[in-house]
Amino acid sequence: DADAAFLVGSRPRSKDMDRADLIKVNGPIFTGQGKALNDNAKSTVKVLVVGNPCNTNALIACHSAPDIPNSQFHAMTRLDENRGKAQIAKKLGVTAGQVKNLAIWGNHSNTMFPDFYHASVGGDHVVGQVGEDWGQGDFMQTVSTRGKAIINARGASSAASAASAAVDHMRSWWGGTPEGEHTSMALWSTGEYGVPEGLIFSFPVTVKDGQAAVVQGIEHNAYAQAKIQATADELVTEREAVAELLG
């Protein structure tokens, strides 16, 4: 009868592991957790996968829980959103709370696309305040590799910041997003923006009454389109790597 589940119990990535190794050792964990949720939780349970590689782990858990709707399985990219907002805030000398509508697209990996083009501060687009060169350069590099940098520094993956982001994600899922604002959630793709169906892919979403809806009508330039395509391609490759676990 669980209403919410945080799946954090993955084998953490260490310095000597790449993503392929991580996928192989974590797949069976999320098969078992998906089955346990299917057999015991409410069909309306909100499942947030934090353990990495979280997008594909969420996909495995989802496939292992056929009685729970696909829409109830999310992976966490709120940590990346929070990191991106912090970088923009530092650059502009504002608080992170003043940075609005920074969306993470795709995979929680270094292929993710933090969409600085549609983020705003003070009602004005961020890109006009920071410059496209910084957005495509230092900003992209820092946000997409922050997790690895923390592993190198600590010898382990982030803990407190990830926990805080998980609470942020679940709070948004339960309480909704403010009017005119969206947040980042990795959820089951139904083909939005040309993303292949059946991937757990991060989109900008609005949430109302516990239901997340992908924001429609966002236009992307060629740079953004290429980034979104690359992160989608990576998720397809990850899905193929765990195909035997998807039934």
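Quick note: numbers below take in every heavy atom, side chains included, and nothing from hydrogens, waters or symmetry partners.
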Subject >> Worked verdict on Leu37 versus Leu7 for side-chain contact (heavy atoms from CB on, under 4.5 Å) >> reply: CA-CA 11 Å; Leu37 287 163; Leu7 303 193; 4.3 Å; yes

Does a side chain donor of either [X] or [Y] reach within less than 3.5 Å of an acceptor in the other side chain?
X: Asp233; Y: Gln229; value: yes
X: Glu197; Y: Thr190; value: no
X: His118; Y: His125; value: no
X: Ser71; Y: Gln211; value: no
X: Arg78; Y: Ser184; value: no
X: Gln136; Y: Tyr117; value: yes
X: Asn52; Y: Asn57; value: no
X: Gln72; Y: Thr44; value: no
X: Glu238; Y: Asn107; value: yes
X: Thr95; Y: Gln98; value: yes

Subject >> Nearest heavy-atom neighbours spanning Leu187 and Phe203 >> reply: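 Heavy-atom minimum between the residues: CD1-CD1, 3.8 Å.
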
**OP:** Over all heavy atoms of both residues, which pair between His182 and Val205 is shortest? Give the atoms and the distance, please.
**Re:**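 The answer is CB-O, 3.1 Å.
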
Original post:
Does one hydrophobic cluster hold both Leu245 and Val25, with members joined at side-chain heavy-atom distances below 4.5 Å?
Top reply: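 No, Leu245 and Val25 fall in different hydrophobic clusters.
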
Original post:
Transitively linked via ILVMFWY side-chain contacts under 4.5 Å: Leu199 with Met185?
Top reply: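 Per the 4.5 Å side-chain linkage, Leu199 and Met185 are co-clustered.
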
Original post:
Is any side-chain heavy atom of Pro204 less than 4.5 Å from a side-chain heavy atom of Asp115?
Top reply: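 Pro204 does not reach Asp115 side chain to side chain.
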
**OP:** Please tell me if the side chains of Ile104 and Phe113 come closer than 4.5 Å, counting only heavy atoms from C-beta onward.
**Re:**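 Sidechains of Phe113 and Ile104: no contact.
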
Looking at [X] and [Y], would you say the former's side chain and the latter's main chain have a donor-acceptor pair under 3.5 Å?
X: Asn38; Y: Gly34; result: no
X: Trp173; Y: Gly210; result: yes
X: Thr77; Y: Ser202; result: no
X: Thr231; Y: Lys227; result: no
X: Gln129; Y: Val121; result: yes
X: Ser144; Y: Met140; result: yes
X: Asn26; Y: Ser10; result: no

**OP:** Go through the steps for Lys91 and Trp134 under the test side-chain contact (heavy atoms from CB on, under 4.5 Å), then give the verdict.
**Re:** CA-CA 10 Å; Lys91 178 74 171 176; Trp134 182 81; 3.7 Å; yes

Original post:
What residues, two or more places apart in sequence or in another chain, satisfy salt bridge (charged side-chain N to carboxylate O under 4.0 Å, His left out) together with Asp67?
Top reply: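 Partners of Asp67 by the salt bridge (charged side-chain N to carboxylate O under 4.0 Å, His left out) criterion come out as none, since no residue qualifies.
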
Original post:
Of Trp188, Phe30, Phe73, which is the lone residue that meets ring pair (Phe, Tyr, Trp, His ring centres under 6.0 Å) with His63?
Top reply: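 It is Trp188, the one option of Trp188, Phe30, Phe73 that forms the ring pair (Phe, Tyr, Trp, His ring centres under 6.0 Å) with His63.
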
Original post:
Salt bridge check: are Asp3 and Lys46 linked by an N-O gap of less than 4.0 Å?
Top reply: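 Lys46 and Asp3: not salt-bridged.
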
Original post:
Hey, is CD on Glu219 packed in by over 12 heavy atoms from elsewhere, all under 6.0 Å?
Top reply: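 Open.
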
Original post:
Are more than 12 heavy atoms from other residues, nucleotides or ligands located less than 6.0 Å from atom CD of Glu244?
Top reply: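 Yes.
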
Subject >> Pairs flagged by salt bridge (Lys or Arg N to Asp or Glu O under 4.0 Å) wherever residues 52-63 is involved - sequence neighbours left out >> reply: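 Non-adjacent pairs meeting salt bridge (Lys or Arg N to Asp or Glu O under 4.0 Å): zero.
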
**OP:** Apply side-chain contact (heavy atoms from CB on, under 4.5 Å) to Thr56 and Ile200, showing your working.
**Re:** CA-CA 7 Å; Thr56 296; Ile200 300 292; over 6 Å; no

